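Letters go in sequence order (proteins before strands), and every chain restarts at 1. Bear in mind that the values here come from a model prediction, so they are computed numbers and not experimental data.
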Number of protein chains: 2
Amino acid sequence: MPTAREEFIRQTGLMTQAEGGARIAGQILGYLIVEGAPRTLSDMTEALKISKASASTNARLLEMKGLLRRVAVLGQRQDAFEAVPMPGVQSLIGMAQRFRAHADEIERIARGFSEDEAGARARVEEFAAFYRQSAAFFDEWIENVTRSQGPFAATGEKEGDDEHA
Amino acid sequence: MPTAREEFIRQTGLMTQAEGGARIAGQILGYLIVEGAPRTLSDMTEALKISKASASTNARLLEMKGLLRRVAVLGQRQDAFEAVPMPGVQSLIGMAQRFRAHADEIERIARGFSEDEAGARARVEEFAAFYRQSAAFFDEWIENVTRSQGPFAATGEKEGDDEHA
DNA sequence: CCAAATGTTCAATTCATATTGAACGTTCTG
DNA sequence: CAGAACGTTCAATATGAATTGAACATTTGG
């Protein structure tokens, strides 16, 4: 029977995969969430049984997406990563950006329709409008959730090493 | 130089792919949007240069997801498909469902943490809460956008065959 | 009833991408 | 300075999913 930790890590991997991402990236995120403190690439490779290359690539991918933060631990030579306070928010931010980009692109294409395709053009523009409005709505939700647990909000707890010793 | 129609179809294919779906499914959707009227599987195969199997499978996939509606054209032997009024909404509905399922699963796993992992458990539960709240927010937006252009709202126009003759 | 047309399904293939092993450059450490 | 530790990159592989061709069942029209 797998431990809850293992199950959670496996689940975040599957979730990330279901959302169109890389399985290992999700596992790394889950791992850092349960750990609750900075962990090195070596930690990941042995905890998740993955190659050094995968750990490096996926961690940096997550870092660029804003789900992970690279921290320098004093007295520690290696880089370390930790999950940001609300990792899911970053995914939504990316989603909003994609939606807006989609809207832009579709609207650009819509302008290319000729005079006798007015109906098609209208439908295409309506389609684009939906993406633009959804992006705006995402922003609203992101701002809402970011306000309470903002990037500079005191978390009140910063432990994590004390457990599972 | 490609026509605007072609560009749009190609773009919806890429978009769908970027969102983790099948390219051809997106192309079918784009095709039906520009057409603005029911089209058969044969229409799709020749317009999109795809196999009969792909047309059938992907169309039915989109139908199950609620982006397409199968309509019986009078005097027409073949089945025909048309895009529903706001196809994007259905994607969001699916997203909300996935998020809620994620939340359920993570919360279930969270209950499996032992006493000495209280910190980890709290972080995991917080993670789940985000998905649950986001799902609720999606629902809100869906209901909002569905109210105005509801499933029973008169669209006012149902042409589409008159163009690009 | 027969032949053509239509839609579905499934195994096979193609295709894209995730993952890895190995080589490299860099930085630390003794 | 020499050697180890570390992180990155890239070509190669493995993995999984999308797409297809072919076979099948069903329906239609002659």
Side-chain angles (χ1 to χ4, degrees), chain A residues 9-10 12-32 38-65 67-82 91 94 98, chain B residues 9-10 12-32 38-65 67-82 91 94 98:
Chain A
I9 291 172
R10 196 154 39 78
T12 52
L14 291 178
M15 277 174 46
T16 305
Q17 198 167 17
E19 300 298 332
R23 184 168 66 246
I24 287 189
Q27 291 179 349
I28 289 177
L29 177 62
Y31 171 65
L32 292 178
R39 291 291 180 259
T40 68
L41 291 180
S42 312
D43 291 336
M44 300 177 196
T45 59
E46 67 178 71
L48 305 177
K49 308 283 197 304
I50 58 178
S51 71
K52 194 170 53 160
S54 256
S56 172
T57 302
N58 283 289
R60 203 145 31 82
L61 175 72
L62 288 170
E63 185 191 14
M64 284 191 298
K65 284 187 177 175
L67 308 218
L68 262 48
R69 178 178 309 167
R70 192 185 298 242
V71 298
V73 178
L74 293 182
Q76 191 74 32
R77 178 172 166 185
Q78 318 174 78
D79 297 3
F81 295 85
E82 67 179 359
S91 304
R98 281 204 310 277
Chain B
I9 290 171
R10 194 152 40 78
T12 52
L14 292 177
M15 277 175 46
T16 303
Q17 198 168 18
E19 300 298 332
R23 184 169 65 248
I24 286 191
Q27 292 178 348
I28 289 177
L29 177 62
Y31 171 64
L32 292 178
R39 292 289 180 261
T40 68
L41 291 179
S42 311
D43 291 336
M44 299 176 196
T45 58
E46 66 178 72
L48 306 177
K49 308 282 198 304
I50 58 176
S51 71
K52 195 169 51 160
S54 255
S56 172
T57 302
N58 283 289
R60 201 144 32 80
L61 174 74
L62 288 169
E63 185 191 14
M64 283 190 300
K65 285 188 178 175
L67 308 218
L68 262 49
R69 178 177 308 169
R70 192 185 299 243
V71 298
V73 179
L74 293 182
Q76 190 75 30
R77 179 173 166 185
Q78 319 173 83
D79 296 3
F81 295 86
E82 69 179 359
S91 305
R98 280 205 309 277

Check nucleotides 13-19 of chain D against the protein and report each pair of N or O atoms closer than 3.5 Å, with its distance, or say if there are none.
| unit_1 | atom_1 | unit_2 | atom_2 | d |
| --- | --- | --- | --- | --- |
| D:dT19 | OP1 | B:Ile24 | N | 3.4 |

Any protein N or O atoms within reach of nucleotides 22-29 of chain D? Criterion: under 3.5 Å, listing atom names and distances.
| unit_1 | atom_1 | unit_2 | atom_2 | d |
| --- | --- | --- | --- | --- |
| D:dT27 | O2 | B:Arg77 | NH2 | 2.8 |

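Between B:Met44 and B:Gln27, every side-chain heavy-atom pair lies at or beyond the 4.5 Å cut-off. Using a 4.5 Å cut-off on side-chain heavy atoms (C-beta onward), B:Tyr31 and B:Asp43 make contact. Contact annotation: the side chain of A:Leu41 approaches that of A:Phe81 to within less than 4.5 Å [non-hydrogen atoms, C-beta and beyond].
Rounding to whole angstrom units, CD of residue A:Glu63 and C1' of D:dG7 are separated by 12 Å. As a whole-Å value, the separation of B:Asp79 CG from C:dA5 C1' is 12 Å. In this structure, the CZ atom of B:Arg70 is 8 Å from the P atom of C:dG7, given to the nearest Å. Rounded to an integer number of Å, the gap from A:Leu74 CG to C:dC28 P is 14 Å. Summarising the geometry, the separation between CG on B:Asp43 and P on C:dA5 is reported as 16 Å, rounded to the nearest angstrom. Distance, B:Leu62 CG to C:dG7 P: 16 Å, rounded to whole Å. Between the CG atom of B:Leu61 and the C1' atom of C:dT8 there is a distance of 14 Å, rounded to whole Å. Rounding to whole angstrom units, CD of residue A:Gln27 and C1' of C:dA18 are separated by 12 Å.
Taking all atoms of both residues into account, the shortest heavy-atom contact from A:Arg39 to A:Leu32 is CB-CD2, 3.6 Å.
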Side chains of residues 52-65 of chain B: which donor-acceptor partners sit under 3.5 Å, not counting sequence neighbours?
| unit_1 | atom_1 | unit_2 | atom_2 | d |
| --- | --- | --- | --- | --- |
| B:Thr57 | OG1 | B:Ala53 | O | 2.9 |
| B:Asn58 | ND2 | B:Ser54 | O | 3.0 |
| B:Glu63 | OE1 | B:Arg70 | NE | 3.4 |
| B:Glu63 | OE1 | B:Arg70 | NH2 | 2.9 |
| B:Glu63 | OE2 | B:Arg70 | NE | 3.2 |

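With sequence neighbours left out, the side-chain hydrogen bond (donor to acceptor under 3.5 Å, both in side chains) criterion links A:Arg77 to no other residue. Every residue two or more places apart in sequence or in another chain was checked for a side-chain hydrogen bond (donor to acceptor under 3.5 Å, both in side chains) with A:Gln17, and none qualifies. Not a single side-chain contact (heavy atoms from CB on, under 4.5 Å) links A:Thr16 to another residue, sequence neighbours left out.
Donor-acceptor pairing under 3.5 Å is recorded for the side chains of B:Ser42 and B:Gln78.
Side-chain nitrogen and oxygen atoms of B:Ser56 include none within less than 4.0 Å of the OP1 or OP2 phosphate oxygen of C:dG7.
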